[in-house]
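Here the structure is laid out as structure tokens; the discussion comes afterwards.
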Amino acid sequence: MDYQKLADLLFPDNKYTVEEIEKKYPKRQLEKGAYVTRFAPSPTGFMHLGGFFSALIDFNIAKRSGGVFYLRIEDTDQKREISGASAVIMNILTGYGLTPDEYELKGGVTVGDYGPYYQTERKEIYKAYAKKLVSEGKAFPCFCKKTEGLNDVKKKREKKFSVGINEDKDPCRNLTLEQIEKNLKEKKKFAIRLRSNGDGVSKVKLYDTAKGEIEMTANCIDAILLKNDLMPTYHFAHAIDDTLMGTTVVVRGEEWLPSLPLHYEIFNALGFSQPKYIHTPLIYKFNEKGNKIKLSKRKHPEADMRFYEKEGYDKQAVMEYLINLINSNFENWRRANPTAELSEFPFNGFKITANTPIFDIVKLNDISKDVISRYSAEKCYEELLAWARENSAENVDYLVKDREYVTKVLNIDREKPKPRKDIYKWSMFFDLFDYMFGKPHNFEIEENKKSDFEDALREYKKYLNLSSKDAWFENVKKMANALGYATDNKDYKQNPEKYKGNVATVCEYIRVAITGRKNSPDLFEIMTLLGEKEVLERISEFA
RNA sequence: GGCCCCGUGGUCAAGUGGUUAAGACACCGCCCUUUCACGGCGGUAUCAUGGGUUCGAGUCCCGUCGGGGUCACCA
């Protein structure tokens, strides 16, 4: 077979040769030890938590080594393309401070010399390499009918098929030049497949920086390199782009691990050497049956980065949670350095756990509470406002108009060595403090306590004193005493039957009347902010 | 089913041949606060399993079991 002739037949009008292309992509001039990483999502208008997770690792590896972090859009599957998706990706990345050094905005600027950064714009590059492989006999055209996508595959999987030796070699690999010419004359579309040398038995030693050496069965599949629209598959584009663009470390989800032998064979065929790989653990949740399942876009809102945006999770907290998932030394560091910037943490992207973590929103909440408790009231206000502008438009006017008051509310129990921690996302603010912005409607009081409750409130009108915290509390005690509630706690504990309750009980009644609930920050501060008139009105509701 | 990854408490995890097997979340108890919290102290609870190797194994090797991933002209 005259492979060169075949290559010319298949690709008569390629714009570039491989040599021409490689001239345009010189080796990057970087300090020794500097890593080049990339985030390479497909533009579906959705960013998965797991994708963000690898971007976080990418960013840290590049930035901490003085290297480059770039964004490449893998838009070769036109069916899935959503317009404006790349802007969404850039927004999230920059919002979290993971701004790429090189990127391209569709219809806008391109930053960086190793572009284009959209794969569809690199079509001629892939074609050049495909032609080269064909001319060397390492790839061949395939005229078969396409598989019908995911459904076909699923059916095949249900049969629990096993892949035997050489069974995956594609029949088209044996087509004669004449047959190919005939097909071409009939304008038949073709894909380009790798002519695999693998037997499906021999082993290859591969390496993952996080997992160590992995021995895998060599690839034996004549994998598609170029689809019949001549766009590359992930595998082919990965080899070419990451080589040309100088990627030294590829961080990607663990679902890619099984295709490592394929990538190994493609890199070899192309004469490229492989980058380092870090396959990150996938993030799971438990389903109803208690089985682990992948955090998925369809089933789990938390899989979508927009969820955290909408809910108003603190960005620092989301990142701290993720780092904590792969390395809990982080928590020790955080405790020792409670006010340090996240960027000061000696994050080692190469040393990540291989375990498969289960997403735990309770833990995220806790981290978020901690992060937010360290903020000043002013910072909280800014964050709250920023969140509201995007996600709660109806509250923006109010926040802007009553900035001072809102800041004071945010400041309750905050300016102290151990600040209160009850806010973990901004969307909860208005519910949590609803009583600061209007009279409560529901009151957490048991039916059998109602008469005591009302008696206490009636009496409290006489005792209300907001002149100082001490005076306020002194009066609460006086009233408690007058109504037969214990003011000596020890005595109360020993002889509870002697009393209707203790000061805590009285406080509970007042708290419920003012806030509607049994839990709230410091009562005196709340009453002071509300003002005497409002406080009396609320008490008078019951007395 | 083939191939591969993973297996320390309910969850996340430190641990790289000798530890009383850290820490955090959650849960429970006590203390502090004569309010709600914050906080402090303590508790329950873990090396999947069976064999090796070794004076010694959570750590190394093999098997088993369990969980997960993958097997598309999707990434």
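Values below: every heavy atom of this structure, side chains too, minus hydrogens, waters and symmetry copies. The chains referred to below are lettered A, B, ... by the order of the sequence lines, with proteins before strands, and numbering in each begins at 1.
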Practice problem: Determine the Euclidean distance between corresponding C1' atoms of B:C25 and B:U35; express it in Å to zero decimal places. | Solution: 27 Å
Exercise. Provide the distance between the two C1' atoms, one in B:A45 and one in B:C6, to the nearest whole Å.
Key: 23 Å
Quiz item: When the ring centroid of A:F359 is compared with that of A:Y321, is the distance short of 6.0 Å?
Solution: yes
Quiz item: Whole-Å distance between B:G39 C1' and A:K416 NZ?
Solution: 10 Å
Quiz item: Can you check whether A:Y277 and A:H279 have ring centres sitting under 6.0 Å from each other?
Solution: yes
Quiz item: When the P atoms of B:G9 and B:U46 are considered, how many whole Å apart are they?
Solution: 9 Å
Quiz item: How would you label the contact of A:K363 with the nucleic acid (heavy atoms, under 4.0 Å): base, sugar-phosphate, or nothing?
Solution: base
Quiz item: In terms of the angle between their ring planes, are A:F433 and A:F429 parallel, tilted or perpendicular, with boundaries placed at 30° and 60°?
Solution: tilted
Practice problem: Please find out if less than 6.0 Å separates the ring center of A:H300 from that of A:F286. | Solution: no
Practice problem: Look at the side chain of A:T233 and decide which nucleotide, out of B:A26, B:C73, B:C3, has an atom nearest to it. | Solution: B:C73
Quiz item: P atom, B:A75 versus B:U70: distance in rounded Å?
Solution: 15 Å
Quiz prompt | Side chain of A:E254 (C-beta onward), nearest among B:C5, B:A24, B:A37 | solution = B:C5
Self-check item: Nucleotide nearest A:N355 (side chain, heavy atoms from C-beta), chosen from B:G7, B:C5, B:U35
Solution: B:G7
Quiz item: Taking the nucleotide of RNA chain B with the closest heavy atom to each, which residue, A:P357 or A:F143, is nearer the 5' end?
Solution: A:P357
Quiz prompt | Out of B:U11, B:C5, B:G68, whichever nucleotide has its closest atom nearest the side chain of A:Y284 | solution = B:G68
Practice problem: Could you check which of B:A26, B:U35, B:G39 has an atom nearest any side-chain atom of A:W472? | Solution: B:U35
Quiz item: For RNA chain B, whose closest nucleotide is more 5', that of A:S259 or that of A:N329?
Solution: A:N329
At a cut-off of 3.5 Å, list every protein nitrogen or oxygen paired with a nitrogen or oxygen from nucleotides 41-47 of chain B, distance to 0.1 Å.
none

Quiz item: Under 4.0 angstrom, heavy atoms only, what part of the nucleic acid is A:S520 near: base, sugar-phosphate, or nothing?
Solution: base
Self-check item: Euclidean distance for P, B:C38 against B:U44 (whole angstrom)
Solution: 23 Å
Practice problem: Please state whether the rings of A:F443 and A:F542 are parallel, tilted or perpendicular, taking 30° and 60° as the class boundaries. | Solution: perpendicular
Practice problem: Kindly say if A:K294 contacts the phosphate of B:U70, meaning a side-chain N or O under 4.0 Å from OP1 or OP2. | Solution: yes
Exercise. Measure centre to centre between the rings of A:Y499 and A:Y485, then say whether the value is under 6.0 Å.
Key: no
Quiz item: Are the charged groups of A:R420 and A:D422 less than 4.0 angstrom apart, N to O?
Solution: yes
